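Comments concern the structure below.
The structure presented is a predicted model; accordingly, all values stated were derived computationally and were not measured.
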There are 2 protein chains.
Amino acid sequence: MGISERKERDKQEMQKRILDAAMKMFLEEGYEKTSLRNIAEKIEYSPATIYLYFKDKDELLYEVQKQAFEQLNEEYAKKVIATNPLERLKEICYTYITFGLANQELYDLMFIIRAPMNCIDEEGMWENGSDAFGFLVQCLSECIEQKLIRYNDVMLAAMNVWAMGHGLVSLDVRCRFKVMQLEESDLENVINQSIHEFIRVISY
Amino acid sequence: MGISERKERDKQEMQKRILDAAMKMFLEEGYEKTSLRNIAEKIEYSPATIYLYFKDKDELLYEVQKQAFEQLNEEYAKKVIATNPLERLKEICYTYITFGLANQELYDLMFIIRAPMNCIDEEGMWENGSDAFGFLVQCLSECIEQKLIRYNDVMLAAMNVWAMGHGLVSLDVRCRFKVMQLEESDLENVINQSIHEFIRVISY
DNA sequence: CAAATTTACTGAACACTGTTTATTTTCCAA
DNA sequence: TTGGAAAATAAACAGTGTTCAGTAAATTTG
């Protein structure tokens with residue numbers, strides 16, 4: 001029965017077409033300007049067709065989020081190369097922040113917008129983010145083991161480092177640093193100084 | 001001419017009625033379920049009437065945000081009472097986080113949602129947040145002066161503390177801590193431990 | 001091969017959203 | 001009482017996510 005297999009392939013290919021179009025539009029036009037109708041128009045199908053491949057917009061967003069995390073993980077694989085755990089921690093932080101500031105619309109989908117998280121049922125695991133988080137936890141546990149940072153509990157350390165990174169990126173993405181009245185061009189610099197300062201402060 | 005003065009009062013009163021209704025609905029139903037039509041229905045006016053008192057929804061949101069910040073500032077005035085700057089810093093952090101977790105929809109408006117920030121023109125000051133931020137900066141500069149924390153630069157310290165607080169609250173509000181697979185009841189505890197740990201780590 | 005059935009797709013509608021404009025209602029001074 | 005200004009609105013516009021009846025194509029069956 002090669003037919004049902006081909007149909008399965010067709011289905012997955014169509015899903016990928018929708019996903020790719022969505023991803024492209026998020027990057028180019030941003031989240032707010034990307035509607036199901038726009039995506040449907042882009043792939044030259046009716047809006048209703050999308051509902052044959054995804055339960056609703058949230059599920060579509062969850063899949064786009066998955067792709068976004070794959071990009072972040074690739075970035076980690078490329079940029080986080082040091083053997084010293086503290087150096088690796090620095091690389092993780094810089095990579096995270098640089099990725100967030102350079103791909104603000106993807107960052108939205110990954111860490112700010114509510115929608116994609118509606119797919120996860122109560123007490124269900126958020127699989128999209130677990131690799132990246134595990135990567136951080138692994139690095140921090142080595143830092144603690146080698147007594148390189150002033151934390152004892154890995155989970156608390158991970159929470160702190162992540163919250164710091166996310167806080168910096170998301171406050172910038174959502175323009176809240178306007179309260180500091182910095183020059184637009186300076187801001188990115190100050191954010192980098194800020195994470196640098198944080199790592200210095202938490203190091204022994 | 002007492003009439004034009006009364007008209008001015010009437011206008012301000014109407015603005016307040018709209019604002020109060022909006023604020024109430026945000027707190028009760030949440031941001032997403034609060035539309036201009038709902039607000040109009042609540043105050044028994046036509047939706048178009050709102051546009052006689054506010055330029056658009058963003059401007060309305062900006063005013064609601066202002067009220068939300070007044071609430072946060074009141075909370076600070078009540079809860080931040082220690083004379084020791086480091087103790088005050090702790091109180092600020094706990095108050096901020098407790099406020100955010102207890103008023104998630106207001107927190108959205110204050111620090112997460114884009115909309116209200118559209119009112120601020122390029123290079124314009126974000127007045128709503130400046131008091132709360134100044135309060136933190138004042139406290140931190142005293143901490144640094146008395147060499148109580150491992151920071152030298154006030155602005156970098158403020159950025160770090162705010163980012164940490166915001167990171168913790170916003171990751172929780174937007175369900176991203178699901179990746180840690182904690183019990184719902186534990187999570188709030190762990191967040192409090194986390195900020196406690198942070199302050200311990202940055203203190204001398 | 002033709003008919004029947006399953007699968008894939010879509011047009012049109014529904015109930016919403018923020019916003020604008022022409023029209024009506026209300027108010028106040030002459 | 002009437003004319004004009006001010007305030008409020010009904011209705012429309014263009015957009016959103018979503019559903020469903022109905023059509024067109026592909027596949028299985030007789």
For nucleotides 11-14 of chain D, which of its nitrogen or oxygen atoms have a protein nitrogen or oxygen under 3.5 Å away, and what is each distance?
residue : atom : partner : partner atom : Å
D:dA12  : N6   : B:Arg37 : NH2          : 3.4

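- The aromatic rings of A:Tyr94 and A:His196 are tilted relative to each other, their planes meeting at an angle between 30° and 60°.
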For this session: Would you sort out whether B:Trp126 and B:Tyr62 count as a ring-ring contact (aromatic ring centres under 6.0 Å, His included), showing the intermediate values?
Result: CA-CA 10 Å; B:Trp126 179 39; B:Tyr62 190 77; 8.0 Å; no
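- Nearest nucleotide to the A:Ser35 side chain, out of C:dT10, D:dT9, D:dG17: D:dG17.
- Enclosure of atom CD in A:Glu32 is not indicated, since only 12 or fewer non-hydrogen atoms of other residues, nucleotides or ligands lie within 6.0 angstrom.
- We find that CD1 of B:Ile50 is positioned 12 Å from P of C:dT17, with the value rounded to whole Å.
- Pairs of residues two or more places apart, or lying in two chains, that qualify as side chain to side chain donor-acceptor pair (under 3.5 Å) and include a residue from residues 97-120 of chain A are A:Asp58-A:Asn118, A:Tyr96-A:Tyr107, A:Tyr107-A:His166, A:Asp108-A:Arg174.
- Here the nucleotide nearest the side chain of A:Asn38, chosen from D:dT16, D:dT9, C:dC9, is D:dT16.
- Near DNA chain D, meaning a heavy atom under 4.0 Å away, there are no residues from residues 105-121 of chain A.
- Between the axis at the start and the axis at the end of the helix from C:dC1-D:dG30 to C:dC27-D:dG4 there is an angle of 30°, using five pairs per end and rounding to 10 degrees.
- Classification of A:Lys16 and A:Glu13 as a salt-bridged pair fails, no side-chain N sitting under 4.0 Å from a carboxylate O.
- For DNA chain D, no neighbouring residue in residues 18-30 of chain B is found when judged by any heavy atom under 4.0 Å.
- Residue B:Met14 contributes atom CE, which lies 17 Å from atom P of D:dA6 at whole-angstrom precision.
- Taking atom CG of residue B:Leu36 and atom P of nucleotide C:dT19, one finds them 6 Å apart after rounding to whole Å.
- In this structure, A:Ser46 does not reach the C:dC9 phosphate: none of its side-chain N or O atoms is under 4.0 Å from OP1 or OP2.
- In this structure, A:Glu44 places its CD atom 13 Å from P of C:dG11, rounding to the nearest Å.
- Less than 4.0 Å separates DNA chain C from at least one heavy atom of each of the following residues of residues 51-61 of chain A: A:Leu52, A:Tyr53.
- Summarising the local packing, CD of B:Glu188 is surrounded by 12 or fewer heavy atoms from other residues, nucleotides or ligands at distances under 6.0 Å.
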